[in-house]
Amino acid sequence: MIKKKEDDKKDKKSPNKKITSRSFVIALSVVSIIGFLSIVLETLFYVKINNYIETLWLITLGIGLILEISLVKLKNIKTSGLTPEVLGEVTMLIVGSFALIAGFLSLPQINIRNPSFLAVKGIISLLAIIFIILQT
């Protein structure tokens, strides 16, 4: 009888605590794998993919942030207005979109090295880190 009560407490989750989605965890895993792959390729095979690492990280984080948003909440923005919950979704959509754009513009074939663009990439990276900390 006592054990059943403890199991019931474990099964109930706090209503305010948001569980990180599977797609976001996969995106974070891919970022880690990309970093590990870069180290292994450079160490063992002398293949340098440093020019593409930043691009891959930004694109992966952008896709992860965009997959994390709830389209239902964004569709209801016209009726419910801009609530704090929806504001987080909109912010994640904007940061994810900017991360994707910055990732594609960081490709070695395009290679934009404007100081303001580098500052924007830094801000996007900081915001992505904040979202990662908040989500996990």
Side-chain angles (χ1 to χ4, degrees):
M1 185 71 176
I2 295 172
K3 190 171 188 176
K4 182 168 173 85
K5 289 182 181 180
E6 290 174 6
D7 291 340
D8 290 341
K9 288 180 184 178
K10 289 179 183 177
D11 290 339
K12 293 180 181 178
K13 295 182 179 161
S14 173
N16 295 334
K17 190 173 185 179
K18 184 178 179 184
I19 299 174
T20 305
S21 73
R22 181 177 173 92
S23 59
F24 194 70
V25 171
I26 290 171
L28 292 178
S29 300
V30 169
V31 168
S32 298
I33 291 169
I34 290 170
F36 179 73
L37 183 67
S38 168
I39 293 169
V40 169
L41 285 175
E42 189 171 341
T43 305
L44 297 178
F45 303 111
Y46 302 111
V47 175
K48 292 188 178 186
I49 59 170
N50 294 340
N51 296 335
Y52 293 97
I53 291 298
E54 182 180 348
T55 299
L56 292 172
W57 279 345
L58 285 170
I59 290 173
T60 304
L61 284 174
I63 290 171
L65 288 172
I66 289 173
L67 289 177
E68 183 66 19
I69 64 171
S70 171
L71 293 177
V72 175
K73 288 182 182 178
L74 289 178
K75 286 181 182 178
N76 292 336
I77 198 169
K78 291 180 183 176
T79 58
S80 64
L82 193 61
T83 62
E85 294 172 357
V86 176
L87 183 64
E89 302 288 328
V90 171
T91 306
M92 286 178 66
L93 176 66
I94 291 170
V95 172
S97 300
F98 280 152
L100 279 175
I101 293 168
F104 286 119
L105 292 177
S106 296
L107 282 168
Q109 292 81 4
I110 300 171
N111 201 13
I112 294 178
R113 293 292 172 198
N114 187 350
S116 60
F117 179 68
L118 294 175
V120 167
K121 285 196 311 189
I123 292 170
I124 290 171
S125 299
L126 288 174
L127 288 174
I129 290 170
I130 291 170
F131 283 135
I132 290 169
I133 291 170
L134 291 177
Q135 290 297 325
T136 56

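Just so it is clear, the structure is predicted and the values come from calculations on it, not from any experiment.
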The reported gap from CG in Leu58 to CD1 in Ile63 (rounded to nearest 0.5 angstrom) is 11.0 Å
- In the single-linkage hydrophobic clustering (I, L, V, M, F, W, Y; side-chain heavy atoms under 4.5 Å), do Ile33 and Leu65 co-cluster? no
Nearest heavy-atom approach of Ser38 to Ile53 is CB-CD1, 3.4 Å
Could you tabulate the donor-acceptor pairs under 3.5 Å formed by side-chain atoms of residues 90-108, not counting sequence neighbours?
residue	atom	partner	partner atom	Å
Thr91	OG1	Leu87	O	2.7
Ser97	OG	Leu93	O	2.8
Ser106	OG	Ala102	O	2.7
Ser106	OG	Lys121	NZ	3.0

- Do the side chains of Val30 and Val40 join up, straight or via other hydrophobic residues, at under 4.5 Å, putting them in one cluster? yes
Of all heavy-atom pairs linking Thr79 and Asn76, the shortest is OG1-O, 3.1 Å
In one Ile/Leu/Val/Met/Phe/Trp/Tyr side-chain cluster, 4.5 Å: Leu37, Ile39
no
When rounded to the nearest 0.5 Å, the distance separating CD1 of Ile34 from OG of Ser29 is 11.0 Å
dist Phe117:CZ -> Ile124:CD1 (nearest 0.5 Å) comes out at 7.5 Å
Taken to the nearest 0.5 Å, the spacing of Ile123 CD1 from Leu118 CG works out to 11.5 Å
| field | Same apolar cluster (I L V M F W Y, side chains within < 4.5 Å links), Phe36/Phe45 | value | yes
Q. Short question: side chain of Glu89, backbone of Leu74 - any donor-acceptor pair under 3.5 Å?
A. no
**OP:** Go through Thr83 and Lys73 one step at a time and tell me if the side-chain contact (heavy atoms from CB on, under 4.5 Å) criterion holds.
**Re:** CA-CA 10 Å; Thr83 62; Lys73 288 182 182 178; over 6 Å; no
Margin query: Is there a path of hydrophobic side-chain contacts, each under 4.5 Å between heavy atoms of I/L/V/M/F/W/Y residues, joining Leu56 to Ile26?
Written below: yes
